[in-house]
S.K.: 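Okay, handing you the structure first.
Everything numeric in this text was worked out from a predicted model, so none of it was measured. Hydrogens, waters and symmetry mates are skipped; everything else that's a heavy atom, side chains included, is used. So you know, we letter chains A, B, ... as the sequences are listed, proteins then strands, and number each from 1.
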There are 2 protein chains.
Amino acid sequence: MSKQAEFAVILKMNPMFADLGADQLQRLSSLCHTQQLSSGEVLFQKGDAGDALFGVRRGQIRIETGAPDGSRLTLNFMGPGDLFGEVAVLDGQDRTADATAGEASELFVLRREDFLTFLEREPKVAVRLIELLCQRIRWQSERMEESVLQPLPVRLARRLCALAEDFGSEVHISQEQLGVFVGAARESVNRQLQTWRKDGILDLQRGRILLHNMPKLTAVARND
Amino acid sequence: MSKQAEFAVILKMNPMFADLGADQLQRLSSLCHTQQLSSGEVLFQKGDAGDALFGVRRGQIRIETGAPDGSRLTLNFMGPGDLFGEVAVLDGQDRTADATAGEASELFVLRREDFLTFLEREPKVAVRLIELLCQRIRWQSERMEESVLQPLPVRLARRLCALAEDFGSEVHISQEQLGVFVGAARESVNRQLQTWRKDGILDLQRGRILLHNMPKLTAVARND
DNA sequence: GAACTTATGTGACGCACGACACACTCCCAT
DNA sequence: ATGGGAGTGTGTCGTGCGTCACATAAGTTC
């Protein structure tokens with residue numbers, strides 16, 4: 001498969017581009033470049049101009065933020081097939097977090113300039129994109145309120161399920177960071193994990209969580 | 001002032017259209033219609049197609065939702081100069097709430113079809129709009145989390161300040177509805193209002209709140 | 001391997017806020 | 001005028017979760 005075709009597949013998997021026509025998708029993906037990163041290399045930092053959209057071809061990118069006290073907190077992991085910076089490429093605002101390669105990686109890069117030119121030449125796509133952005137706005141307003149109002153076990157289960165998508169059943173994260181993810185105290189996270197461990201849903205190790213019973217976890221996440 | 005010019009002023013006041021050029025604004029507002037509503041008349045209902053954007057020329061529109069138990073809860077009030085349905089007109093999704101005229105009203109109406117045609121002819125405006133929508137997405141993600149995590153007094157003060165924009169210092173709303181607005185129990189709302197009453201910040205009447213000290217209230221809202 | 005550092009486990013306590021229960025008051029309809 | 005239904009004011013209680021305070025264990029550095 002050609003590089004472009006590979007990128008088109010990744011774009012297609014993202015809700016924001018999922019409904020674009022095959023021809024438009026093809027033209028869009030023909031604008032992409034690729035970029036190599038060695039392990040630990042910095043892709044961008046907080047405050048950089050948001051001048052590109054990235055897709056992960058191989059490797060892993062960590063989205064992290066520097067806490068005021070100097071410690072670093074990981075906010076997200078992007079693996080092969082993941083797309084990030086969709087919003088930044090459209091509005092050109094500064095990056096709000098840092099991105100570094102967790103391992104040697106290869107990225108697809110779609111530059112803001114190229115993308116905007118494409119949109120001006122394809123007003124139908126622009127209008128379609130506007131609709132998709134609006135849906136995202138709706139989706140956000142619905143989800144956000146709902147999810148913050150959920151009790152901690154639900155929020156925690158949801159986050160663990162999301163992490164399992166990136167890591168598989170062996171999630172590599174500290175309970176402290178998990179607490180930041182779900183907006184809870186580390187101790188509360190630990191207590192909830194302990195009750196789940198006693199139920200055989202998971203096992204705990206230093207810096208790692210082993211998920212044994214995803215069905216039960218997703219049931220908690222659904223909150224029914 | 002002509003009807004179109006009046007509408008242009010309203011559009012300009014909304015962040016979503018604030019940065020459009022005068023010429024584009026003029027062409028956009030020339031597409032508008034007007035609509036009269038008598039007091040109590042229904043503008044649209046939940047589930048209707050979102051096929052237009054509205055601006056209030058005079059009167060008041062209540063955005064409300066029917067609770068499962070049949071009671072009606074007011075979510076928002078739109079007064080002269082307010083714009084609503086910006087997102088619906090762009091993505092065409094169904095209305096998620098009802099809108100009825102609280103008093104005899106006159107509205108500016110911009111139909112989805114006309115707006116989309118305009119956008120396709122003006123790709124630069126479409127791209128600009130995309131940027132604005134993205135900023136809104138960012139703004140939403142930042143605000144939402146923050147605001148739900150705030151303690152009740154802060155959320156309540158913010159909502160009261162917002163309502164004061166529509167009502168002036170005599171806010172006409174039940175404590176029950178206020179509770180729904182800020183996601184809190186009616187009793188908790190009452191208790192907080194009582195302590196503020198004792199501090200002379202406001203006074204309470206049946207179905208009404210009289211705001212006496214907006215500076216103090218905004219200070220609470222800022223949470224500093 | 002001794003001293004540190006980082007991650008984890010657990011108890012005690014406090015606070016904010018929701019849930020329930022009831023009293024009171026105003027307005028409206030018959 | 002009288003009964004009923006909103007809207008309001010307050011007390012009590014339970015609970016989820018944050019905070020503080022330590023203890024333990026697992027790495028890391030010399």
S.K.: Taking only Lys NZ, Arg NE, NH1 and NH2, and the carboxylate oxygens of Asp or Glu, determine whether A:R62 and A:E103 approach each other closer than 4.0 Å.
M.R.: no
S.K.: Please check: side-chain N/O of A:N14 versus main-chain N/O of A:L11, any donor-acceptor pairing under 3.5 Å?
M.R.: no
S.K.: Taking the inter-plane angle between the rings of A:F84 and A:F44 on a 0 to 90° scale, is it parallel (under 30°), tilted (30 to 60°) or perpendicular (over 60°)?
M.R.: tilted
S.K.: Need one value for B:G179: base, sugar-phosphate or nothing, where a base atom within 4.0 Å counts as base even if backbone is also close, heavy atoms only.
M.R.: nothing
S.K.: Nearest whole angstrom, please: distance from the P of C:dT5 to the CD of A:E176.
M.R.: 17 Å
S.K.: Specify the separation, in whole Å, of atom NE2 of A:H172 and atom P of D:dG27.
M.R.: 11 Å
S.K.: Any ion pair linking A:R112 and B:E131 (charged N to carboxylate O, less than 4.0 Å)?
M.R.: yes
S.K.: Does a side-chain N-to-carboxylate-O contact under 4.0 Å join A:E176 and A:R186?
M.R.: no
S.K.: Nearest to the B:N190 side chain among D:dG9, C:dT8, D:dC17, which nucleotide is it?
M.R.: D:dG9
S.K.: Is B:E187 side chain donor-acceptor paired with the C:dC20 base, going by distance under 3.5 Å alone?
M.R.: yes
S.K.: Whole-Å distance between C:dT5 P and A:R206 CZ?
M.R.: 14 Å
S.K.: Where the side chain of A:P153 is concerned, which of C:dC17, D:dC17, D:dG18 is the nearest nucleotide?
M.R.: D:dC17
S.K.: CG of A:L156 versus P of D:dG16: gap in Å, rounded?
M.R.: 15 Å
S.K.: Quick one: is D:dG9 close enough that its OP1 or OP2 comes under 4.0 Å of any side-chain N or O from B:Q194?
M.R.: yes
S.K.: A:L178 CG to C:dT8 C1': how many Å, rounded?
M.R.: 13 Å
S.K.: Less than 3.5 Å between a donor and an acceptor, one on the side chain of A:R191 and one on the base of D:dG16, is that the case here?
M.R.: no
S.K.: OP1 or OP2 of D:dG18 sitting under 4.0 Å from any side-chain N/O of A:S188?
M.R.: yes
S.K.: Rounded to the nearest Å, what distance is computed from the CZ atom of residue A:R186 to the C1' atom of nucleotide C:dT8?
M.R.: 6 Å
S.K.: Regarding B:Q205, tell me which of base, sugar-phosphate or nothing describes its non-hydrogen contacts under 4.0 Å with the strands shown.
M.R.: sugar-phosphate
S.K.: Rounded to the Å, how far apart are A:R208 CZ and C:dA7 P?
M.R.: 13 Å
S.K.: Nearest whole angstrom, please: distance from the P of C:dT8 to the CG of A:L210.
M.R.: 13 Å
